[in-house]
Amino acid sequence: MTTINAHRLGQLIDKTINHIGPEYAETLHGIRLDADAKYLYAVASDRYTLAAARYQLNHGDQNQDPWAVTIPADYLRPLREWIQTMKGAGLITISTAKDRLVFEGPQTDLSIAITPGIEFPDWRGLLRSMLDNTVEGGLFPCFNSGYLSRFNTGDILRVRLTADEKPAVVFSEDFIGALMPARHAGVYPCKEETFEGAHKTWLWTLAAGAKDASLDGDAYEEDRPKYEVTADIRETGEELLRSVLRSLDDVNRADSDTQKDLWYAHIRISVADWMAFRYLDALHNVDPRVAQAIVSEVAGELDAGEIGEYAWDAAEKAGYDPQKWADDYEAHLKKRAAEQPAT
């Protein structure tokens, strides 16, 4: 029995579903759920690519007896739709029962028929042998671009090239995969080519470019507006952390006696930005795509310049009374003004 939250189970499926094998290959036509003493894995392969995503088990689920079951491809879509009906943090318990795989959710359950005894390839051994290959210099392997696109999950990838005729191994956070080299271009075999040969065919075109050209974003900093809302999650996190440190520095510079309002303002900014960063970091760990979607949505709201209206509506939707907040704050300002000595 294994427990996992809905977002993470959805991620495991999404990162591997593009790699499932064809209908005529029953052993590969689905996603393999494989649990050991530490992780739950989702694994898929069509012999040209291999993908394995993992989730570290909760402490209470660790050190259990290993189990592995293949979810038939026909059930993957309804399973994914069922997962989407619940909140991302909702816990799902997975268990096996004879010829069924049972998913128990907070409100509903889903039972999937499986074929016992399906022998899935030794994916651990396959990846281990690939990584044991000696890396040689001057590698210039060729790959099918359609197979490459299967690894487009929105993650940052690192690629290990092993040899021209051996698979490339792909890594990202809690993910490992493999991509077989291409041997045919249509009906023709792939042309043998070296990097030097391919480079030579582009020398005339590239000679017109400057040797010191750069795509470094810092080169364009002078052209950027003084303040620009970013939809990039990493830039958002960086700006939040920079703001925390700047505000704390301003707290130390401000005089808490003569500049009390300014002093408190810097404290509020640093606290708010630190909370925002911690929440964003936690959301990104649970579901990176949802975190990116939220950052993009908030960037659009900030660009629109109507966050006061958004906040007011959000407060009412949550059952609060923003008008009372406004009235109370106005009364506070009037009271503070009346208490200040006349100059």
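Source: prediction; values computed, not measured.
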Solution key, residues 90-106 side-chain donor-acceptor pairs under 3.5 Å, sequence neighbours excluded:
none

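Rounded to the nearest 0.5 angstrom, Leu79 CG and Ile112 CD1 are separated by 4.5 Å. Taking CZ of Arg336 as the reference point, atom NZ of Lys334 lies at 14.0 Å (rounded to 0.5 Å). Residue His266 holds its NE2 atom at 9.5 Å from CG of Asp249, rounded to the nearest 0.5 Å. One finds the CG atom of Leu280 at 7.0 Å from the CG atom of Leu240 (value rounded to the nearest 0.5 Å). Here the NZ-CD distance, from Lys335 to Glu330, works out to 14.5 Å after rounding to the nearest 0.5 Å. Arg278 CZ to Leu241 CG: the interatomic distance, rounded to the nearest 0.5 Å, is 10.5 Å.
Applying the salt bridge (Lys or Arg N to Asp or Glu O under 4.0 Å) rule to pairs touching residues 315-329 yields Lys324-Asp328, sequence neighbours excluded. Pairs of residues two or more places apart, or lying in two chains, never qualify as ring-ring contact (aromatic ring centres under 6.0 Å, His included) while including a residue from residues 65-91. Residues in residues 139-163 take part in these ring-ring contact (aromatic ring centres under 6.0 Å, His included) pairs, two or more places apart or across chains: His19-Phe151, Tyr48-Tyr147, Phe140-Phe195.
Under the 4.5 Å side-chain heavy-atom criterion for grouping Ile, Leu, Val, Met, Phe, Trp and Tyr, Phe175 is connected to Leu148 within one hydrophobic cluster. Placement of Leu157 and Leu179 within a single hydrophobic cluster is found when ILVMFWY residues are connected by side-chain heavy-atom separations under 4.5 Å, directly or transitively. Grouping the Ile, Leu, Val, Met, Phe, Trp and Tyr side chains by contacts below 4.5 angstrom, directly or via other members, places Ile71 with Ile17. The cluster map of Ile, Leu, Val, Met, Phe, Trp and Tyr, joined by side-chain heavy atoms under 4.5 Å apart, puts Leu50 and Leu131 in the same cluster. Linking ILVMFWY residues whenever their side-chain heavy atoms come closer than 4.5 Å, directly or via other members, places Leu12 and Ile20 in the same cluster.
The side-chain contact (heavy atoms from CB on, under 4.5 Å) check on Arg124 picks up Asp34, Asp36, Tyr41, Asp122, with sequence neighbours excluded. With sequence neighbours excluded, the residues satisfying side-chain contact (heavy atoms from CB on, under 4.5 Å) with Thr16 are Ile31, Ala42, Ala44, Ala51, Ala53. Scored by the side-chain contact (heavy atoms from CB on, under 4.5 Å) test, Arg8 finds Ile4, Asn5, Gln11, Tyr55, Asp174 as partners (sequence neighbours excluded). The side-chain contact (heavy atoms from CB on, under 4.5 Å) check on Val298 picks up Ile294, Glu301, Leu302, with sequence neighbours excluded. Trp274 pairs by the side-chain hydrogen bond (donor to acceptor under 3.5 Å, both in side chains) definition with nothing, not counting sequence neighbours. Asp14 pairs by the side-chain hydrogen bond (donor to acceptor under 3.5 Å, both in side chains) definition with Arg80, Arg289, not counting sequence neighbours. Among residues two or more places apart in sequence or in another chain, the ring pair (Phe, Tyr, Trp, His ring centres under 6.0 Å) test is passed with Tyr310 by none.
By the neighbour-count criterion of 12 heavy atoms within 6.0 Å, atom CZ of Phe171 is densely surrounded, having more than that number from other residues, nucleotides or ligands. Residue-environment remark: CD (Gln64) exceeds the threshold of 12 foreign heavy atoms within 6.0 Å. More than 12 heavy atoms of other residues, nucleotides or ligands sit less than 6.0 Å from atom CG of Leu333.
Side chains of Leu28 and Pro121 form a contact here, defined as non-hydrogen atoms less than 4.5 Å apart. The shortest side-chain heavy-atom distance between Asn63 and Leu57 does not fall under the 4.5 Å cut-off. In this structure, Phe120 and Thr27 have side chains that are not in contact, with every pair of non-hydrogen atoms separated by 4.5 Å or more.
Heavy atoms only, all atoms of each residue included: Leu248 and Ser270 are closest at CD2-OG, 3.6 Å. Taking all atoms of both residues into account, the shortest heavy-atom contact from Tyr39 to Gln56 is CD2-CA, 3.5 Å. For the residue pair Ile83 and Ala6, the shortest heavy atom distance occurs at CG2-O, 3.3 Å. Scanning both residues, Gly21 and His29, for their nearest heavy atoms gives O-ND1, 2.8 Å. For the residue pair Ala168 and Leu161, the shortest heavy atom distance occurs at CB-CD2, 3.9 Å. The two residues Ala52 and Trp123 make their nearest non-hydrogen contact at CB-CZ3, 3.8 Å.
At distances below 3.5 Å, not a single donor-acceptor pair connects side-chain atoms of Ser243 with backbone N or O atoms of Glu239. Panel note: side chain Gln292, backbone Ala231; a donor-acceptor pair is recorded below 3.5 Å. Although no hydrogens or angles enter the test, the distance criterion places no donor-acceptor pair under 3.5 Å between the side chain of Ser247 and the main chain of Val244.
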List the steps, then state whether side chain to side chain donor-acceptor pair (under 3.5 Å) holds for Glu26 with Thr70.
CA-CA 10 Å; Glu26 183 182 18; Thr70 298; over 6 Å; no
Applying side chain to side chain contact (heavy atoms under 4.5 Å, CB included), run through Leu40 and Asp61 and close with a yes or a no.
CA-CA 10 Å; Leu40 171 68; Asp61 289 341; over 6 Å; no
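A salt bridge does not link Asp250 with Arg246: every distance from a Lys NZ or Arg NE/NH1/NH2 to an Asp or Glu carboxylate oxygen is 4.0 Å or more. Salt-bridge formation is not detected for the pair Arg242/Glu235: no Lys NZ or Arg NE/NH1/NH2 atom is positioned less than 4.0 Å from an Asp or Glu carboxylate oxygen.
In this model, no donor atom of one side chain and acceptor atom of the other lie less than 3.5 Å apart for Thr230 and Asp232. For the residue pair Thr85 / Glu81, no side-chain donor-acceptor distance below 3.5 Å is found, with atom types taken as modelled.
Through side-chain heavy atoms spaced under 4.5 Å, either directly or across other Ile, Leu, Val, Met, Phe, Trp or Tyr residues, Tyr264 is tied to Val251, Trp263, Ile267, Val271, Met275, Tyr279.
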